[in-house]
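All ligand and atom numbering here is 1-based and tracks the order in the structure. Atoms considered below: every heavy atom in the structure, side chains included; atoms not considered: hydrogens, waters and symmetry mates. Along the sequence shown, the residues carry numbers beginning at 1.
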Amino acid sequence: MSKTRLRIAGGVVYDPANDGGADGGIRDVCIEDGRIVAELPRDAPKLDARGMVVMAGGVDIHSHIAGSSVNQGRRLLPEEHAADPAPAPPLADPDAIPRSGTGGTIPTTFTTGYRYAALGYTTAMEAAVAPLAARQAHAELDDTPIIDAGLFTLLGNDDYLLRQIAAGEAARARDYAAWVLSAAGGYAIKIVNPGGVERWKAGGRNVTGLDDAVGSGAVTPRRILETLADAANALELPHPVHIHCNNLGQAGNATTTLETMRALAGRRAHFTHLQFHSYGGERGKSWKSAAKEVIEHVNAHPEVSVDVGQVMFGPATTLTADAPVEYLLHASSGRRWVNVDVELETGCGIVPYSYKEQAAVASLQWAVGLELFLLAKDPWRVVLSTDHPNGGSFLSYPELIRLLMDRSHRDECLKRVNQKLVAGSALADGLAREYTLSEIATVTRAAPARLLGLKHKGHLGVGADADVTVYANDADRAKMFSTPRHVIKGGVLVVEEGQLRRAPTGRRLRVQPGYDRAVTRDLKRWFDGYACVSFENYPAAELGE
Ligand SMILES: [Zn+2]
């Protein structure tokens, strides 16, 4: 087979993993057979990138794009389908069948792949998949073109794990975690409201703190967090536990967030959508920003990484395994909702939502996210997300980038929002910081790739996957980042002159950690006793291949 080659010539290259965060130097980026190479023959095909900005393809560390909860969300939003038809793109690839679809906050599978790629993103992580529903999530990712994708596997409210914790069986809990990751074809362990979902499903109240008992007094959110953080680190997973803390969205929850970080002190852990967990004030009484206290802790603890989960004004769909919080949102907003119990494993709640500038809490949430970004000392540990579609669609990333890069624009936006709860925040007091292009390259590709342990992603060094995005260097950063001129995925030119032209199949990212096979005998007994599927029929992915 002939080698596919491309020289991206003369662009200003931002590659913080390899250039130490330099301001961008002019150099060629050479591609051969889907990888970055040091040089190419002079007659190799050339893409003229003079005057343009070149970065690795974007990497989304936390997004909701596939699986049963996402699909329930699609079902809940018929008006979105009519409002945002997505015609089939004009593909030039004779092997690809162009697909139409619909957009909105939860686009259809094909449209999700096309729109991510057209935004310059080439990798995305689906952040919450119940193992029991992994089969459907894989099927949907099979229909999501272009992007490489992995699934985070939900653990921490599952009956088998909680039994092991109650019995003090940490080693068996670890073996089980390894087995279930393989069985679900997962990439990382995701914990959502540890213990809280299980307790709420059992007819009780959600937990409110780290030491509330979950069934047995030996099982608490703290024990669940410790057990799974230790398991992920002992299994040497490429990404540590990915934690959605207790008390999401509640005034005063920063106390719980900081307690959780302290509980895991010294252990590698990733805290997701930190914005939703950084509120001061008192539950049911008052709200204020606690972004400063939370980010100062993150700044001082190198074992901690986070993604922000920025809220953007406009439509969103809140969608989470944290069913009790969705019940509260449904009850307080009067909006329609869906609740699903995933039998022995987890829950799910969905409420379509809209963040409005006139609303006091939404304005506070918007400000808290920006404070986290602007007060973060290390862009390698505080990365960009909107928790798509919870805080806003991934299509709002370009506007978020503009907010980070352009203080005068940010200050104009700040004047328009409801001031009631924002007054007195660090943002209202004036934060002068403006992100550089190199910092944007860090928080949108280099750092998420590194935090995920994806060695071939997020950078343009020799041997990296040839995932490259070429932007016109426009002073309007929202415009620049919303319509890249060229996008290359695995060496294939998928976006040419701003048009999606090819749609190769993306790869699945997954792990298969080793474990003591003895756990499967015990698991089989448990499946026979309690589960609605047989042990043999449960795995969605081949084990040990
Ligand atoms: Zn999420």
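Around atom NZ of Lys201, more than 12 heavy atoms belonging to other residues, nucleotides or ligands sit under 6.0 Å away. Few gaps surround OH on Tyr355; more than 12 heavy atoms of other groups in view lie less than 6.0 Å from it.
Under 4.0 Å is where a charged nitrogen must lie from a carboxylate oxygen, and between Asp148 and Lys457 at least one such pair does. By the 4.0 Å N-to-carboxylate-O rule, Arg223 lies close enough to Glu226 to be salt-bridged with it.
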Checklist entry - Going through the checks in order, is the side-chain hydrogen bond (donor to acceptor under 3.5 Å, both in side chains) test met by Ser305 and His270? => result CA-CA 5 Å; Ser305 61; His270 182 88; 2.8 Å; yes
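Of all protein atoms, those that are N, O or S and lie under 2.8 Å from the Zn ion (ligand 1) total 3.
In this structure, Tyr397 has its ring center at least 6.0 angstrom away from the ring center of Phe481.
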